[in-house]
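First the structure, in the form of structure tokens, and then the observations on it.
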There are 2 protein chains.
Amino acid sequence: MNLKTLAENLGLSQTTVSRALNGYPEVSEATRQRVQDAAVRFNYRPNSRAKGLATGRSMVVAQIVPGSSEHEMVNPIFGDFVGGATEALARFGYDMMITRVLEDDQDKIYRELHARGAVDGVILQGPSVEDARIPLLNDIGMPYIVHGRSTGMTAPYSWVDVNNRRSFRRATQFLTDLGHRRIGLINGLEYMDFAHRRRQGYCEALEAVGVAEDPALLCSADMTEGYGYRETRRMLALDNPPTAILSASMLSAIGIRRAIQDCGLVMGRDVSVITHDDDLSYLRNGEDIPIFTATRSSVRAAGAILAEQLISLIAEPDHAPIQHMLEAELVVGASTGPAPRRT
Amino acid sequence: MNLKTLAENLGLSQTTVSRALNGYPEVSEATRQRVQDAAVRFNYRPNSRAKGLATGRSMVVAQIVPGSSEHEMVNPIFGDFVGGATEALARFGYDMMITRVLEDDQDKIYRELHARGAVDGVILQGPSVEDARIPLLNDIGMPYIVHGRSTGMTAPYSWVDVNNRRSFRRATQFLTDLGHRRIGLINGLEYMDFAHRRRQGYCEALEAVGVAEDPALLCSADMTEGYGYRETRRMLALDNPPTAILSASMLSAIGIRRAIQDCGLVMGRDVSVITHDDDLSYLRNGEDIPIFTATRSSVRAAGAILAEQLISLIAEPDHAPIQHMLEAELVVGASTGPAPRRT
DNA sequence: TTGAAAGCGCTACCAG
DNA sequence: CTGGTAGCGCTTTCAA
């Protein structure tokens, strides 16, 4: 069923039917009612492509996920983010498209996406420090919003980010307040902006108590379970091992927990661990480990916020750049946490 | 830059330019070369919507993710699956769209997706036992492929699935061979087909050694970390606790590990655990816990397989239903595993 | 308040 | 081998 046959069935012109369906005011209420009823009855849906061709808009937003041959990893919270964004977009009539772009042909793909008119705007994931995609998108002139920021970027750009630096400063400070001085940081890849900022926050907090950073307590890589495991074992085998560990992800935290256990130590007694975590409910009672809440629901919410901001950028082409900071929650268990066992 | 202006620039008709670009044989090589060069020079890309309108195909495949208000969870491997599918689709010129559909308005959304002509086919995620979406899609007549199967479905349908029943039968048998008789199953929601099949496999293996299933050792829910934790603690507090636990997910496995630790027990000595897991590299040496490999790379591969199968269904409308079974690997650590401590 | 008609950018049929 | 032209299904002037 298309507009034409619907109009014929109603004995009206395509114009009138189109207007009635799209809420134009110059249609009589009686006609509109009649048209809407018929549309429902015939299960009519306007063809997206035809509509897009006529209006010049695709009503599609792409989510661009960087990928390289070395770092195939997809963040496990990706699904939650997409879920939140998809729902928000759907409320405004937008569809969501996923594009995975390999590092080498970024330029090509972005320009193509725009030239093809396939999307009205994009969400940029996983920005690196001085991310080249930002000036590229500015150049192309396609609406976009960055999930995260890009240190060193001079050009203005729109972003929504979690305050990673502050989060890690607070988490580290939480540990130094308890007396910890040997604190390990199992960080993500530090060319990624979020990891870069986390490290900054960590270093600031150490500096505040006059502790110099120790390279042996720092590491940076793809945040896998095995990575968390290996680095934790390595650190715990040091002559002067850490009394606390800061983990950058849920996944590496699994490895950290196993490593601690395999060393015959008890987490929360021998080694404090602060990590991003999800389901807090079972940790609230008598648990002495503070956790960052990068919960599924907060990630979903972030997805929705980005989607909404992007839509406003699409609607108003010369909207001022959006800068939206989200604060992560630091949840601390009931007990105060352990004193460091070794100093 | 559109076809018209490109053609004008070349002093050719749109027809010829279109043919040259789309590889039609009736164009002279010289012309084709000239056209292709110009296309590159002007950075010309055909408009997706116009092309779609003209050809009647959208070159878009949707991935439909079920969601309900109760079960907001998105599987953490979702991102990997999407990554694999997206790349495979891109090789064939398809884009990937994500649609999250809430339970109540499934019918509406699927019909709309089809009527709008927004997509050429869909990938169905998370089928339940007797999933109503399958007959619906058959009825609508849209090409689709199910990731998983649907027990009780009489109508023929295309699917790609992991052999969950066999995997869990083998895993359980692995434990019974070691002498375990009290084996807990921390399962996903059993209206989901994969969880249903896993339970079947588990029960079959128990039956083979004459053990009746004990409701106290079975549970079924959304596979969160907290769920794994709570159920493990509950089971370990039984008068006759399990000596081994089978976990259905990476996430719940985290909770299981913590619970075992919190009970003052050692995993792999006091309690054996078999779980789906990701990064095996650090578990291979001296590890006494067998694991299923639902690795990131195998999930990516599955995504690619589904995408390719769907494309062949789209290309050949009356292709026979596809039935493609994937076997999960069972990796066993170097040591043979513990004997049960309590029987 | 309604309708006719001209596109949107492309493909594909039919002539030449 | 090349070109004219009629759509694909919709929106959007411009007239009535």
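Since this is a predicted model, take the numbers as computed values, not measurements. Each chain gets a letter, A, B and so on, in the order its sequence line appears, and its residues count up from 1.
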Fill in: Contact check, side chains of A:Trp159 and A:Ile322, non-hydrogen atoms, under 4.5 Å
no

Worksheet entry | Any side-chain donor near an acceptor of the partner, A:Ser18 and A:Thr15, under 3.5 Å | no

Fill in: Among A:Arg116, A:Glu112, A:Arg49, side chain to side chain donor-acceptor pair (under 3.5 Å) partner for B:Ser48
A:Arg116

Fill in: Cationic N near anionic O, under 4.0 Å, B:Asp161 to B:Arg149
yes

Discussion item. Across nucleotides 8-16 of chain D, 5' to 3', mark each nucleotide with B, S or - according to how protein heavy atoms within less than 4.0 Å reach it.
Written reply: BBBBBB---

Worksheet item: Would you say a side-chain N or O of B:Thr16 is under 4.0 Å from OP1 or OP2 of D:dT2?
Response: no

Practice prompt. Using atom CZ of A:Arg34 as one end and atom P of C:dT1 as the other, report the distance to the nearest whole Å.
Written response: 15 Å

Worksheet, complete the sentence: Atom CD of A:Gln33 and atom P of C:dT1 are separated, to the nearest Å, by 15 Å

Fill in: Spacing between A:Glu8 atom CD and C:dG3 atom C1', to the nearest angstrom
14 Å

Worksheet item: End-to-end bend of the helix from C:dT1-D:dA16 to C:dG16-D:dC1 (five-pair axes, 10° rounding)?
Response: 40°

Worksheet item: Do any N or O atoms from the side chain of B:Ser150 and from the backbone of B:Asp131 form a donor-acceptor pair under 3.5 angstrom?
Response: yes

Practice prompt. Report the nucleotide, chosen from C:dG3, D:dG3, D:dC1, that has the shortest atom-to-atom distance to any side-chain atom of B:Ser28.
Written response: D:dC1

Worksheet item: Is it true that B:Arg111 and B:Asp107 have a side-chain N and a carboxylate O under 4.0 angstrom from each other?
Response: yes

Worksheet item: Without hydrogens or angle criteria, can the side chains of B:Tyr44 and B:Asn2 be said to hold a donor-acceptor pair below 3.5 Å?
Response: no

Worksheet item: Are B:Ser128 and B:Asp193 linked by a side-chain donor-acceptor pair shorter than 3.5 Å?
Response: no

